[in-house]
Protein chains: 2
Amino acid sequence: MAIALPRPETRFEALIDALREAILTGRFRPGERLLQDDLAAAFGVSRIPLREALRRLEGEGLVVISPNRGAVVRPLIPKDVVELYDVRLALETLALRRAAERYADVREATRGRHGEARRAIEAGALTTLFHLDRDYHAELAAASDNPHLVAALDGQWSQIMRLMHAYLRAGTYMPEVWDDHEAIATAVAHGDGAGAIARLERHLLLSRDRILDQLRAAG
Amino acid sequence: MAIALPRPETRFEALIDALREAILTGRFRPGERLLQDDLAAAFGVSRIPLREALRRLEGEGLVVISPNRGAVVRPLIPKDVVELYDVRLALETLALRRAAERYADVREATRGRHGEARRAIEAGALTTLFHLDRDYHAELAAASDNPHLVAALDGQWSQIMRLMHAYLRAGTYMPEVWDDHEAIATAVAHGDGAGAIARLERHLLLSRDRILDQLRAAG
DNA sequence: TAGGTGCGGATTGTATACAATGATGTCGCG
DNA sequence: CGCGACATCATTGTATACAATCCGCACCTA
């Protein structure tokens, strides 16, 4: 039996996670310059591990590093919304098809998260809500039993999270989202890939358009 | 008018490209340990930029870094073949659909590469052949006009290249591959997304099975 | 006043140096 | 003879230090 170790996370992983989280949640804003000295001081490390972390984030598409000019949080442009959702839909569709073939069942976890989400909505905890959303989709992806697919989707999700934090505000988050989640989980558990995919498509396009609406409204 | 600069590539980029290439072509074999001192000496840099390069490659899934134990070329397992091609097909299908919607025309470049490929086959230059293959598919992906999709596919291609170098030998590379390429390019140029996709699917499954055959034959 | 030129501070890039960690082999003990 | 503790070595992790580059500003010139 596997026993959870107290802190499997190394210091470097903690650093990169903290940096990533700061970008995903908009704490570091798109286009913002990331000064190595400042960040190193802020996280209590030297510039060496910090630079390594920035290189990783560069690979994940979260920052852009220009030679001798430093790192900048990759800017988000409206075109990204459509492009990202296009890729995401293709990947998540594949994930659902494979998961349905296996009759993977994530209904329990989904219901649990649904409950948490309700509380988060009441508390107005948007970040928590986004995390629950991502966790649900990550679990669905994992149900495909294809690690490469999971990794690819994870990369897309990083960007999606940035979109959400940048453009969605409290009030625009609709609780019906979780009805979709439950419906998809149920379809997958019954092996109904086509049904799950149809519902997913509606779900994603709605989510995408909500972001586009907010974006247009903001100017 | 744009004037091409002699070397837009910075030193760091050259380093990371060299490292990546060494892994993709199998020069550094799957599972092989990557000692920082040795690599730094080999590439004529110190360990600082080398470590940054390794972090990037870790993000690309080409190496695995264990804390205090160093980097290893990510091993390839048979399961990877099926998983990677599954993801690749989903992404490339999307790319073709979008490219066909735009009536993107890559026939000329394809024919040019076909010629080069013929010469490479005669010369037995497998690496050149693989590069031409990748370049063709990269151009097709770019024709989707979706940078995120291109990036996602690029990541898959890194792994595919590793599979090819690891499992394909001279003689198993079939020239008919380029007939498929031309047919797909033509279908896309005519806006026939469905036709292009159908041919692509055959093309990829054949390519995948050729790798699986070689893999089974070897071991 | 517009534009170019050179200086100075700010910031990044990388080498060197040392600390921390993990692997290896040897010795002693049961 | 097997196994475990310890010392030693190889290797990674990171801080410090300095060199290289870039950017902004003042100044000069036409």
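Lettering follows sequence order; numbering is per chain, from 1.
- Using a cutoff of 4.0 Å between basic side-chain nitrogens and carboxylate oxygens, B:E122 and B:R119 are not scored as salt-bridged.
- When A:L50, A:L57, A:T10 are each tested for a side chain to side chain contact (heavy atoms under 4.5 Å, CB included) with A:I16, only one passes: A:L57.
- The residues B:R210 and B:D213 are annotated as not salt-bridged, no charged nitrogen and carboxylate oxygen being separated by less than 4.0 angstrom.
- Only B:N68, B:R69, listed by number, bring a heavy atom of residues 58-69 of chain B to less than 4.0 angstrom from any atom of DNA chain C.
- Heavy atoms of A:R11 sit under 4.0 angstrom from primed sugar atoms or phosphate atoms, though from no base atom.
- Reading DNA chain C from its 5' end, the first and the last nucleotide to sit under 4.0 Å from a heavy atom of chain B are C:dT14 to C:dA23.
- Nearest heavy-atom pair across B:L129 and B:A120 is CD1-CB, 3.7 Å.
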- Worked check of salt bridge (Lys or Arg N to Asp or Glu O under 4.0 Å) between A:E101 and A:R98: CA-CA 5 Å; A:E101 285 168 3; A:R98 296 290 172 256; 2.8 Å; yes
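- Using a 3.5 Å distance cut-off with no hydrogens or angles, the side chains of A:E92 and A:H137 do pair a donor with an acceptor.
- An end-to-end axis angle of 10° holds for the helix from C:dT1-D:dA30 to C:dG30-D:dC1, taken from five base pairs per end and rounded to 10°.
- Closest heavy-atom contact between B:A18 and B:F43: CB-CE2, 3.6 Å.
- With A:E60 as the fixed residue, the salt bridge (Lys or Arg N to Asp or Glu O under 4.0 Å) test singles out one of A:R162, A:R74, A:R20: A:R20.
- Taking both residues in full, the closest heavy atoms of B:A95 and B:S144 are given as O-CB, 3.7 Å, listed atom of the first, atom of the second, then distance.
- Among the protein residues, B:L34 comes within range of the sugar-phosphate backbone only, with heavy atoms under 4.0 Å from sugar or phosphate atoms but none that close to a base.
- In this structure, CZ of B:F12 is placed 17 Å from P of D:dT21, rounded to the nearest angstrom.
- No more than 12 heavy atoms of other residues, nucleotides or ligands lie within 6.0 Å of CZ in B:R29, so this atom counts as exposed by the packing criterion.
- B:I48 places its CD1 atom 16 Å from the C1' atom of D:dA20, with the value rounded to the nearest Å.
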